[in-house]
Undergrad: 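Input: one structure, supplied below.
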Amino acid sequence: MDLAYGPEYQAYRQQVRDFLESSKEHWPLRSGLGKPNAELRRWQSMLIERGYTARTIPKEYGGYGGEPDILKSRITAEEFTRAGAPGGLAGQGVSMLVPTLLDMGTDEQKQQWIPKTLSGEVLWCQGYSEPGAGSDLASLQTRATEDGDDFIINGQKIWTSTAHEADMIFCLVRTEPDAPKHQGISYLLFPMDTPGIEVRPLNTMTGLAEFNEVFFTDVRVPKSSIVGERGQGWLVANATLKHERGMLGDPNTAGTRLSLIIKLMQEETVDGSSLMENPVLRDRLLRLQSQVLAMQFNGLRLLSSSIKGESAGIARLIVKLQGCELNHQLAALAIDCYGELGILYHGSPRLRARGNWQRQYMFDLGLIIGGGTAQIQKNIISERGLGMPREPKPASPAVKSMAGS
Amino acid sequence: MDLAYGPEYQAYRQQVRDFLESSKEHWPLRSGLGKPNAELRRWQSMLIERGYTARTIPKEYGGYGGEPDILKSRITAEEFTRAGAPGGLAGQGVSMLVPTLLDMGTDEQKQQWIPKTLSGEVLWCQGYSEPGAGSDLASLQTRATEDGDDFIINGQKIWTSTAHEADMIFCLVRTEPDAPKHQGISYLLFPMDTPGIEVRPLNTMTGLAEFNEVFFTDVRVPKSSIVGERGQGWLVANATLKHERGMLGDPNTAGTRLSLIIKLMQEETVDGSSLMENPVLRDRLLRLQSQVLAMQFNGLRLLSSSIKGESAGIARLIVKLQGCELNHQLAALAIDCYGELGILYHGSPRLRARGNWQRQYMFDLGLIIGGGTAQIQKNIISERGLGMPREPKPASPAVKSMAGS
Amino acid sequence: MEFGLTEEQTMLQQSIDRFLQTNCPLDRVRELTEDGAVHDTETWQGLTDLGVTGLIAPEQYGGLGMSLLDAMLVQEMLGRHVTPVAFTATSVLAALAISRAGTEEQKASWLPGIADGSLQIAVALSEQSGARDNAGLVFEDGTLSGHVLFALGAPEAQVILVNGPDHSLFAVQADAPGVERQALRSIDDTQVIAEFSFSETPATQLQADQALLDQLVDAGRVMLAADTLGAAQHMIEKAVDYAKDRKQFNRVIGSFQAVKHMCAEMAAELEPCRSLVWYSAHAFDDIPDESRLLACHAKAHLAEVGRFVARTATEVHGGMGFTDLMGLHYWFKRIGFNRQILGSPERAREDAARIQGWI
Amino acid sequence: MEFGLTEEQTMLQQSIDRFLQTNCPLDRVRELTEDGAVHDTETWQGLTDLGVTGLIAPEQYGGLGMSLLDAMLVQEMLGRHVTPVAFTATSVLAALAISRAGTEEQKASWLPGIADGSLQIAVALSEQSGARDNAGLVFEDGTLSGHVLFALGAPEAQVILVNGPDHSLFAVQADAPGVERQALRSIDDTQVIAEFSFSETPATQLQADQALLDQLVDAGRVMLAADTLGAAQHMIEKAVDYAKDRKQFNRVIGSFQAVKHMCAEMAAELEPCRSLVWYSAHAFDDIPDESRLLACHAKAHLAEVGRFVARTATEVHGGMGFTDLMGLHYWFKRIGFNRQILGSPERAREDAARIQGWI
């Protein structure tokens, strides 16, 4: 057990701090997931130059070209958070498409897309989910039929964040309708301004349109847009889906929320007494603090396993399930602490924390559902983590009558 | 909404009170489920004479021969509880075999067994559950093979309370091994001193042997011992199993426990302060009080539905699930209130309440599991109460290979 | 002995249910509340025609003089249909306050308007369950000054009933000098809340005392519990229907044990709540000794069960529950609103401890 | 940076695991504890041979001078095998107390015996986490009078360490005049507790203060949390194995989603606890500023998760879990015992609030 990072890393940390200290004038005003402006792209290029983002991506594709170093990545993240500095670009192009292309793309595809994606010149959206295929993603219905050297795509995608601003989409479509459901899918890249694409904002319970629906009507795309083999899109996508699931439930989010709640309980009053003097709310806070600490230390354990290249087994499988639920419970406590004030929203007078707690309480529920519902997570934990059997396949009605049961 | 019982019932209540007041000298010292002594049998006969027990059982079978009257039954129960008076005999013979015989028995069987059972002359035990057939009771394996006019029984039963004292057993055995599993079972009555029966006490986690295992080795029983048709034992048993499930989770038990906890929280101290002054424990108490009240009022609603002969639907289906869990949670709170004292047991010095809370905490877990586990209860609520589909039958391996999937 | 509804009560509830289903479906609610909370005067008029607005007001003033149990049954249906009308404020709380603590003159001037649906009264009691942001009033020289938060009632209310210092209750004309109304916007745009500021505002005092204020809080809590009951019941029904219809992995999701058990747990938690709410309303009407305790428990318990149901029913709906498409969140938010107003569950339980003499 | 166990630590744990599995299986535990709690001297001897009893005692007194983290790993295995030895009392709490607050003479007289396993010391600290039944001591004229409850340690302990008035700590010879030991029998016969009464009993004072007493409570809490971790982990493994084996309705029950999800929930709750317990022990050793807070959280959180796992694993076992046949209840009760001793979870959380200056 050694929680110190060693002299090389201390030096690295200092270097990051110095950079952040000296670069304040370049910090972009807004960051986030949408289309980056010039200021943001300049910042991105400063970060790549120093290896603070795109660290392990080869230089020839516009990355820093460094060796993987989990500790350096973590130190970078810690220092950026501590300083309140905006990070590098974080859209789905950078986090999901780039790793996919590095793994499965042709040289040409890598050359063509990775540098522009990293620099922010091209913004991507992800076309995986469909209204009829939620937890059962592989049952997707969007179809690409052949027409000479092209595919003609028809169908619908949902939960497509940034679709309204994106230049390009990486998209799963069914190219082999007669193949078994996991084997008939291909992974395509095409521009969002291709004729026949319509984007409609998707409002959620938070009152915001965090997502979109995307409709395809006879959208013509050259067959050369495929990444990987035709019909193997499921494999291509799955290689990076894991990344997405691993990111949900981050214990550092919970840690930040916990600190905010401690502060609010010390500052807010009812009938003149601070909320921290309320033993029942305090006990709830402390129960959650136990869980936050446990998840943070679990995160250290995962980090340590990654450094050693070991599998952390169940400790990793549970992060999404436990982390998302914990975040939801923290938001619930904050709302309860505010009492009547806790229901205010939509920029109301007397609104606290810009309504973030209510928004998060609802958005967290979306996260509990999305990226693999809690039920799917529990299936995964029991099957992959504990080695329990899958549910037996149901006898289909036809088979049932054949078997006479 | 009218919670008053009306003049006829007021008068009845007074009559019960008067009886209890004037009969104190006859109250037996012990009651319960085991073999009744002379004192207890005398008391039982006094109660039958007045219709305070065996109320609706015809006079010719030794009952009171009254019309069913749910309110009178409830008033009787209320007044006996209030006075702390021992009730009538309550073993499985009275509560399960007698209704079964009334419903499905031959005249001869009724004549032969009901009067002796009601009077306490004959004590019964129940042979349903088996080690290999828990939630899936119909998969029972105890086999009865034919030998002339007799069956020869081999197999094992479990959870057989009072088996060590019982004179007779009502027992489910498989008489038709080749029939579908629900159709090959028969319901038999036979003496516990038949050669080949061995009773072994079954210790549970409470440290007591509340149950037994019963082993049958070549036990010879005449075929005439069957109640109902041969092979229809499943139907015969199910008619009364419902009664058993309905009895578990009684909200009055929870009400009594709640009162005891209130008292202990007012009386016990830590560092000189009463536990009621601890806001966190008090809040837990109040949460449980909400639930106890809700379940008690739900009980009133069920009573009202019964009087009107209406089905109470979900309100009845949930009683076992919610009631048993509530009782368990109440015991947990009591243990937590006692702090370190809460772990004492086995007649230890400084033991509180004779260790009842720990015993109940564990026994309640047995009740949550027994009589249909919580999982089975939720299946029932969702299927019968909410009309949700049953789980599809799994494709058997043979069928799967036929269907080529 | 009968623990249940009379035939008339069942019919009342059914007729409100049908009326709201036809006249104020979700599409209408959506449209009306697009820019914030409103009081739906058209639906109010329909309810007036059904006699509902005068349910509590005494017969001699044109009302029906019915019980809180009846009013609770109405509110349950309003929750079921997330109806944007301020029924509890005017027809229940104001009607109770004025008929119990009003002078003859006050009764005569306000109760007929409550009964015929022409008068809207806002009610500010929230400081009874904890003052935030230094809310509170002073009464000097026949005028009120200060502010009160979380007043319930229609934006166009002509009269405001406010809880003042020393267990007092005042009626203020909405257009009196020094009155300012500031709409507060909550997650739930189907229920209206506002803040009122007064500055040397003339006010008429009612003959209130702590007991009356307690009764008003009790009645309000029972009504909020009933609203949550109706909303949560509806969410369960929607979840069950969705689960029977939606397919994943070639099966309706309602055949997965995990989904079935989520639905079973919701039903198992909510069903006993119905009896608790019935009893608490009945206690308010007929068993005064138990009324306060039961109101606390109904409010607190429905808040907890409501939160569980709202969340679980949304989960059963998967992504669809999270979007605006099906509008499930209208119920989710209504339940969330009811949880906090007139005392959080923690507060209501603390009150319950006090009522039982435990602290 | 490494958040995990060293190779040596893993080997230590594995060797204890193997030793206990071979030498103190459930059958032996059953037999030994049939009439109440005992300290298993034979297993203790085996642990002594493995060097475990002197783990904490400093090297100069024949011990190994290792860390609480190492001791915690041992205790986890003792919990895993529900081993009836009083390791925490003698080898951890007494060793820490004497090496940190003993005079040279006191160290020399007791630490070697701790190190070589020949000395058993009982430790009474429970009044630090709340006095019940007027427990407490007075110290006058060099003697102790009064009584202490819930002392941990073997029945044959030769020395008793007791927390006295004004943050003091005393050592008493078990055979000194006026000492009475009364065994308390708990649900868990694998752990020994007793009450001691003193009547003008000569006692030797150690150089303790509140800080030292806090450290002892912290260490005790971490050890109890580790014990629950080991016991709960074992219960999950047993439940999973049982579910893979037991058939109902022609399927192994482990293929039912409800059963799978119960197992997944247990694992999801318990797995992060491992890191919490590791960190809390590490903090005791190396990050004193965080030590007290972490000990409270480890104790409280493992108590809550332990209760959930104990109950759920029993449910997965169905009726078999409830009977004595498989002995699953030994783990259930061990977890139940650990929950209450040295401060209930509510108490530990209250302490955590105080440590953070929140109250």
Side-chain angles (χ1 to χ4, degrees), chain A residues 129 131-136 138-139 158-159 181 202-207 209 211 213 268-272 278 280-281 284 328 332 335-351 355 358 361-363 365-370 373-376 378-379 391 393-394 396, chain C residues 36 126-127 129-134 149-150 182-189 191 193 195 246-251 253 255-259 262 303 307 310-311 314-315 317-325 327-330 332-333 336-347 349-350:
Chain A
S129 297
S135 293
D136 184 15
S139 71
I158 195 171
W159 308 117
K181 73 177 182 180
L202 179 66
N203 283 306
T204 72
M205 66 194 300
T206 66
F211 303 96
E213 293 177 286
E268 288 279 336
T269 60
V270 183
D271 293 335
N278 179 320
V280 176
L281 293 173
R284 262 175 78 186
H328 185 63
I335 290 170
D336 288 353
C337 283
Y338 283 123
E340 275 108 339
L341 290 167
I343 56 171
L344 299 182
Y345 202 56
H346 294 299
S348 173
R350 301 200 181 272
L351 183 62
Q358 277 288 358
Y361 180 69
M362 293 186 270
F363 196 75
L365 193 51
L367 292 180
I368 288 170
I369 292 165
T373 62
Q375 284 62 51
I376 299 287
K378 290 178 193 172
N379 286 348
E391 273 200 287
K393 285 222 195 289
S396 72
Chain C
S126 87
E127 278 70 49
S129 54
R132 306 231 174 200
D133 285 6
N134 305 314
L149 300 176
F150 310 111
Q182 164 93 68
L184 298 176
R185 192 163 175 199
S186 81
I187 45 167
D188 177 20
D189 283 331
Q191 300 193 80
I193 43 170
E195 165 174 357
R246 166 84 170 174
K247 280 192 176 179
Q248 293 273 278
F249 304 105
N250 295 321
R251 290 163 58 174
I253 62 169
S255 73
F256 283 99
Q257 212 181 17
V259 174
M262 286 164 90
R307 173 176 273 184
R311 174 243 164 99
T314 305
E315 270 192 275
H317 281 79
M320 272 306 112
F322 177 60
T323 69
D324 179 47
L325 297 171
L328 191 73
H329 63 93
Y330 283 85
F332 182 98
K333 290 168 180 168
F337 178 100
N338 294 344
R339 177 183 174 92
Q340 311 290 4
I341 284 289
L342 273 183
S344 65
E346 290 81 13
R347 176 68 183 225
R349 284 192 292 268
E350 213 182 315

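Below, chain A is the first sequence line, B the second, and so on; all start at residue 1.
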Undergrad: What is the distance from atom OG of C/Ser129 to atom CD of C/Glu350, rounded to the nearest 0.5 Å?
TA: 11.5 Å
Undergrad: With the side chain counted from C-beta on, respond yes when C/Arg339 and A/Ile343 share a heavy-atom pair under 4.5 Å apart, and no when they do not.
TA: no
Undergrad: At a 4.5 Å cut-off on heavy atoms, which part of C/Ala183 comes close to chain A: side chain, backbone, both, or neither?
TA: backbone
Undergrad: Heavy atoms only, distances under 4.5 angstrom: which of A/Ala138, A/Ser139, A/Pro131 has the most pairs with chain C? Name it, please.
TA: A/Pro131
Undergrad: What is the distance from atom CD1 of C/Ile341 to atom CD of C/Gln191, rounded to the nearest 0.5 Å?
TA: 8.0 Å
Undergrad: Can you say whether A/Val280 sits under 4.5 Å from chain C via the side chain, the backbone, both, or neither, judging by heavy atoms?
TA: side chain
Undergrad: What part of C/Leu149 lies closer than 4.5 angstrom to a heavy atom of chain A: side chain, backbone, both or neither?
TA: side chain
Undergrad: Which answer fits C/Gln248, side chain, backbone, both or neither, if we ask what part of it has an atom under 4.5 Å from a heavy atom of chain A?
TA: both
Undergrad: Heavy-atom pairs under 4.5 Å with chain C: which of A/Asp336, A/Leu365, A/Thr269 has the most?
TA: A/Asp336
Undergrad: Are the side chains of A/Lys181 and C/Phe249 in contact, using a 4.5 Å heavy-atom criterion?
TA: yes
Undergrad: Is there a side-chain contact between C/Gln340 and C/Ile187, using heavy atoms and a 4.5 Å cut-off?
TA: no
Undergrad: What's the verdict on side chain to side chain contact (heavy atoms under 4.5 Å, CB included) for A/Cys337 and A/Leu281, showing C-alpha distance, side-chain angles and the deciding distance?
TA: CA-CA 7 Å; A/Cys337 283; A/Leu281 293 173; 4.3 Å; yes
Undergrad: Please state whether the side chain, the backbone, both or neither of C/Gln257 comes within less than 4.5 Å of a heavy atom of chain A.
TA: neither
Undergrad: Identify which part of C/Ile253 has an atom lying under 4.5 Å from any heavy atom of chain A, answering side chain, backbone, both or neither.
TA: neither
Undergrad: Crowded around C/Asn250 CG? As in, over 12 foreign heavy atoms under 6.0 Å?
TA: no
Undergrad: Roughly how far, to the nearest 0.5 Å, is the CG atom of A/Asn278 from the CD atom of A/Glu268?
TA: 13.0 Å
Undergrad: Can you tell which part of A/Ala133 gets under 4.5 Å to a heavy atom of chain C, answering side chain, backbone, both or neither?
TA: backbone
Undergrad: For chain A, find which of C/Arg185, C/His329, C/Gln182 contributes the most heavy-atom pairs closer than 4.5 angstrom.
TA: C/Arg185
Undergrad: Can you say whether A/Leu341 sits under 4.5 Å from chain C via the side chain, the backbone, both, or neither, judging by heavy atoms?
TA: both
Undergrad: What part of C/Asp189 gets within 4.5 angstrom of chain A, counting heavy atoms only: side chain, backbone, both, or neither?
TA: side chain
Undergrad: What residue in C/Lys247, C/Met320, C/Lys333 has the most heavy-atom pairs under 4.5 Å with chain A?
TA: C/Lys333
Undergrad: Indicate the ring-plane relationship of A/Phe363 and A/Phe211, choosing parallel, tilted or perpendicular according to the 30° and 60° boundaries.
TA: parallel
Undergrad: Can you say whether C/Phe332 sits under 4.5 Å from chain A via the side chain, the backbone, both, or neither, judging by heavy atoms?
TA: side chain
Undergrad: At a heavy-atom distance under 4.5 Å, which candidate from C/Arg246, C/Met262, C/Arg251 has the highest pair count against chain A?
TA: C/Arg246
Undergrad: Could you tell me which portion of C/Phe150 (side chain, backbone, both or neither) has an atom closer than 4.5 angstrom to a non-hydrogen atom of chain A?
TA: side chain
Undergrad: Roughly how far apart are C/Asp324 CG and A/Thr206 OG1, rounded to 0.5 Å?
TA: 9.5 Å
Undergrad: If we only count heavy atoms from C-beta on, is the A/Tyr338 to A/Leu351 side-chain gap below 4.5 Å?
TA: no
Undergrad: I'd like to check A/Leu344 versus C/Ile193 (side-chain heavy atoms, cut-off strictly below 4.5 Å). Are they in contact?
TA: yes
Undergrad: With only heavy atoms counted, which part of A/Thr373 is less than 4.5 Å from chain C, the side chain, the backbone, both or neither?
TA: neither
Undergrad: At a heavy-atom separation under 4.5 Å, does A/Glu340 approach chain C through its side chain, its backbone, both, or neither?
TA: both
Undergrad: Based on non-hydrogen pairs under 4.5 Å, which of A/Gly339, A/Ala209, A/Gly347, A/Ser129 is most in contact with chain C?
TA: A/Gly339
